[in-house]
Each structure stands twice: as C-alpha cells, then as structure tokens.
Amino acid sequence: MRFPEILILFREFHFVDIVLYIGIFVFAITGALKARAHQMDIFGAGVLAFATAYGGGTLRDLLIGIKINWMNDQLALGLVISAVIIVFLLRRNKAEFNRSLFFTDAIGLGMFTIAGIERSLANGVNEIYAVLMGVMSATFGGLLADIISNHVPALLKKGELYATVCLIGGTVYILLARLQLNDDLNMLICVILVVLLRIISKWKRIFLPEI
Amino acid sequence: MRFPEILILFREFHFVDIVLYIGIFVFAITGALKARAHQMDIFGAGVLAFATAYGGGTLRDLLIGIKINWMNDQLALGLVISAVIIVFLLRRNKAEFNRSLFFTDAIGLGMFTIAGIERSLANGVNEIYAVLMGVMSATFGGLLADIISNHVPALLKKGELYATVCLIGGTVYILLARLQLNDDLNMLICVILVVLLRIISKWKRIFLPEI
Amino acid sequence: MRFPEILILFREFHFVDIVLYIGIFVFAITGALKARAHQMDIFGAGVLAFATAYGGGTLRDLLIGIKINWMNDQLALGLVISAVIIVFLLRRNKAEFNRSLFFTDAIGLGMFTIAGIERSLANGVNEIYAVLMGVMSATFGGLLADIISNHVPALLKKGELYATVCLIGGTVYILLARLQLNDDLNMLICVILVVLLRIISKWKRIFLPEI
C-alpha cells in the first residue's frame, strides 16, 4: 500500500507548498517593483521584496509569540533573490506584467490567509483572532513595504477590496472547518472564493465605504 | 465578612479596568479619526484604531519578551470596532469632538503609563527602564499610527508636552511606590498629576526645546 | 600566572566593548542629528537616537527570538542621552561634524556586523542568515530612524555602498572563521576591510545598480 502514501507525499509537498512558494515569489516581485518608484538600488529592492513576501507572516509569528518561519530557510532567500533578478532584467511592460500577476496574487492571498489561520489555531489563538492573523499574514507584507518606501499603504486606502476579501475567505474557512469536512476541499473552496471576490471587486468596482 | 471582598472585586474590576478600557476606546477613536486624512476606508480606520489603542503596549511586550496582552480578547476587538463605527457615524464637529477627548485622553495617558510600569516591573525590568516602558505603552500607539499613515509623528515634534508628562507622572509613581503607601492612592495621585500637567502645558504653551 | 588573565580581561572589556560603545554613541549622534530636519524636540531626538543606535540589534533579536540586549542597561541610556545633549549643544558645523563621524561610523559598521553575526551563530542561525542578521544589526537602526522621521530610507536608495560593504565584510568574516584562525585577528581584518571599502566607495563613487 505504498502508492497512496506516495500520493499523500506528492500532494503535501507539491500542491500546498508549491502554491505557497509561488505566492511568496509573486509577493516578492510586487515588492521589488515598488523599489523602482524611489530610485532604490538592488539591495533596496531585496529588502522590499523580502518585506512584502515575509513581513505579514513575521508580524503574525511575533504577535503570537512563536519562532518565525523563514529563519535558516535558503529557499526563502532564493525566491526573493530570483524575484529581484527578474524585476531587474524585465525592465519593460510593467502594466502587462502587473496584470499577469493579478491571478497569482489572488491565489497567494487565499493560500496565505488559510495558512495563517491554521498556524494561529495550532498555537492557541481563538477562531476570531485566527481569522485576523490570517488576514495579517496575507496583507501586512505589502503594508510594511509601503511604510518602508514612504507611501500611505494602499491596503488602508479606499480602493479594490483586498483585506476584506481575505476576511470573508478566512471566515468561510473557519465555518467550513466546523463542519468537519475534508480540509483540502475547504482550502480549495476558500481560495476559489478569494479569487472570485477579487475579480468581482475589480470588475464591479466594489469598495468599502470611506471613513 | 463578604462585604469587603465584594467591594474589592468591585474596585478591581470596575475602577481600574473600566478607566483603562475607556482610555483604550478614546485612543481607538483618535486612531480612526486619523484615517480620514488620507481617504482611507473603514478597514484602514480599524487598523489605525487598533494600532493607536494597542500599539504601545504591544511594542512594550515584544521588547520585554512576554505574551502580548490583547490576543484572544474579544473586548479589545469590540472596543476598536465600536470606535470605528462611532467615527463613521459622527461625521461632523471634529474640532468639538477632539476637545471633549482631551480629558479622557489625558486620563488614559496616566493610566497606561502606570499600567505599563507595573507590567514591566513584574517582568524583571528595572525602575528606570520600567518608566520608559510605561511612557512607550502610553505614547507609541499614536506614534505607530502616524508612521503607518505617513506623517512625521506628532509625538516627536516640538509642541504640547505629551511624552514628557508621562515621564514625570511615571517617575513620581516609582518614587511614591518606594514609600510603601497605598497603591491605589499612588495611582490616583499620578493620574491627576498627568492630567494637570497636560492642562498646564496646553494652557501656558510650555514646550520642550527644539533639538 | 595572573598576568595573562588580566590581559584577557583588559582585551575583552576594553578593546571590543569600548569600540562597540563608541559605535553606538556615533550611531546615536547620527540619529539625534536626523531629528533636526523636522523641528523635533529633544524627546524626539532621543527616540531617533535610540532607534538608530539599538534598532538594528533589537530587530535582529526579535527575529531570532532571544532577549533584547539593551533592556536594563543604564550605559545604553547614558550614551543615548549624552549624544542628544552633545547634538543639542553643538549647533553649528554640521557638515564638518558629519565628516569626522565618517570613520567612526565605518568602524562601528564593521564591529556591529561581526557582533551581530556572532550573536546569531550562537543562537542557532546558520551562516548565510547570520551574515544577513549581521548586516541588519549594523544598518537597520538608520533605516528605522528614517522610517520614523518619514523619509525614504537612505539605506535602500542608490548611493554610497553601505549595506553591501557590511555584506562583504560579514561574508569574509564567516570564511575566515572556517579557517580556525585567531578570532580577534579575523575581526580586525574585517573591520579594516569594511572601513577601506567605505572609503573606496565614497572616493570612487561606486554604486549598486538601480533596480
């Protein structure tokens, strides 16, 4: 009966992890692109790429009081450095490039929210705060990169639904988890929900009300 | 002899805690009001409200190396959300509203300083650093909200005495504590001192010298 | 045989510690000088001085998950307060003053990088991340002060080599450490290397490429 085990390994290592690492890579590219706005050099791009990719999860882990997850992880560093190199080499078609990042970013958003929720629940955080920590994991990296590069964070300004979409996806994930269904199915449903809500929000121009 | 015990319960839960929670609520309102300056949406207001109310204490707890105090606290979340709703609904009379916040803010300032000192002393911080941690608890939430919303922090600029007042109140509290008097009386004296110093500073335009 | 022991004490306390404390003092002065740009008061100068001097090491310790190193250290506080007083009194000749800080800053940069590497290696960080933590120790204090005072961090912008020089010095230190030579000699070589690279970078206008 080794076949199913191999399948499980395949699924665990490939499906969830690869999607998460793709999400991190896309976040790192978004961060490196931000560095262009202020005549930063490639070191600055690396700092913004790392902050965007790992800032949200780092803040979550510090607040929960657990070990941060990227220390000693060479793959994390490799992804960030690759993102900086790609942004450095691909100097044109920024708008087109951004458009192609939209879907991958939305998938990463859903994955990070759920991964953040799972990590929080596993470390004594209750369901309501776990959803908040999930949203933070997914969105505060970009917030941090905006703060570092001296912008009012796009995340907090009136515009496309972004954190709200994570909040909805995360809440649905918690509710589905209570039904004791298949975990992978729950994740799949929530990631699809997040991607759909992102598309609808962009397409129909749905905003949160201004304060 | 149950009567005195009930009184103690009443005092412990009602006097100190209620004043602290009122302080948190006022800080959250101040944070939500800041979100208006940059066309932020209600999510942005929530982030700034939370940062203002809990940012100082969170930074203190991270630096001391202890569990942060708001995780899993539904009341904390309720206060922040209520503050955002109130700011959202009360759209006018900002100046008048701010004026009425002055006293509550000053009382909160005194209470947070002392609560921060007590929490620091209880976790191995010496008296001098405990006063600094108390000042940080009371003032760095607003500093953090200013950083997030891309302002030079008002706390650091020449203007009304704010951190200085906490520093004086906190130092007096440490000195009174050495006299082994009644703890509640010490707290009361220091909060009154902080409120008076805030009024005098605003009234007489007393500033720290510019660097 | 007490003589050699005394020499060791002398070396350990005087050579390394005094240079580190001079480095901290110079960093604090740089931070206090930044406070002038925004009409900050002496409290604001103190916050920026402390952030510049201890911000990088604090961030490193939080990320590694160990106790921060300045809590309860009166000397740390004394150095920061002295730096603020000196900046407050010496109101002129800023350019000349800055020039004289260049060498001390470069020496501090090398020392902080190596001290950060040693502290990271001693706490389970691998060699690659230890170099990154060393660079962070040496450079993120200034980054933090720039963020607090609402500037795009100079560290991330195209300009003189600064973090890069720490990265090179730190990498050489790790390679020398593998050779099992004398630790003090390794440190001396790396600090001299950092200072030389800083001078060459300033003199020959060597930059990292813009992203």
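Below, read A as the first sequence line, B as the second, and so on, with proteins coming before strands; counting in each chain starts at 1.
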*Asks:* Tell me, side chain or backbone of Leu77(B) under 4.5 Å from chain A's heavy atoms, or both, or neither?
*Replies:*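 Answer is both: backbone and side chain atoms of Leu77(B) are under 4.5 Å from chain A.
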*Asks:* Using non-hydrogen atoms only, which part of Thr58(B) is less than 4.5 Å away from chain A: side chain, backbone, both, or neither?
*Replies:*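 Only the side chain of Thr58(B) comes within 4.5 Å of chain A.
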*Asks:* Find the distance between CD (Glu127(A)) and CG (Asn72(B)) and round it off to the nearest 0.5 Å.
*Replies:* 11.0 Å
*Asks:* Between Leu63(A), Leu167(A), Ile128(A), which shows the greatest number of heavy-atom pairs under 4.5 Å with chain B?
*Replies:* Leu63(A)
*Asks:* Are Leu161(A) and Phe43(B) side-chain neighbours, meaning at least one heavy-atom pair lies under 4.5 Å?
*Replies:* no
*Asks:* Quick one: pull up CG in Leu59(A) and CG in Leu62(B) and give me the separation to the nearest 0.5 Å.
*Replies:* 8.5 Å
*Asks:* With distance as the sole test, does Lys67(B) use its side chain to make a donor-acceptor pair with the main-chain N or O of Ile64(A) at under 3.5 Å?
*Replies:*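 Judged by distance alone, yes, a pair lies under 3.5 Å.
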*Asks:* Looking at every non-hydrogen atom in both residues, tell me the closest pair between Ile211(A) and Ala32(B) and how far apart they are.
*Replies:*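 Smallest heavy-atom distance, with atoms named: CG1-O, 4.1 Å.
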*Asks:* If I measure from the heavy atoms of chain B, does Tyr162(A) come under 4.5 Å with its side chain, its backbone, both, or neither?
*Replies:* neither
*Asks:* Please name the pair of heavy atoms, one in Met40(B) and one in Glu210(A), separated by the smallest distance, quoted to 0.1 Å.
*Replies:* O-CG, 3.3 Å
*Asks:* When rounded to the nearest 0.5 angstrom, what is the spacing between CD1 in Ile42(B) and CG in Leu156(A)?
*Replies:*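 One finds 13.0 Å between CD1 of Ile42(B) and CG of Leu156(A).
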*Asks:* Just how far is it from atom CG of Leu143(A) to atom CD1 of Ile148(B), taken to the nearest 0.5 Å?
*Replies:*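 These two atoms lie 6.0 Å from each other.
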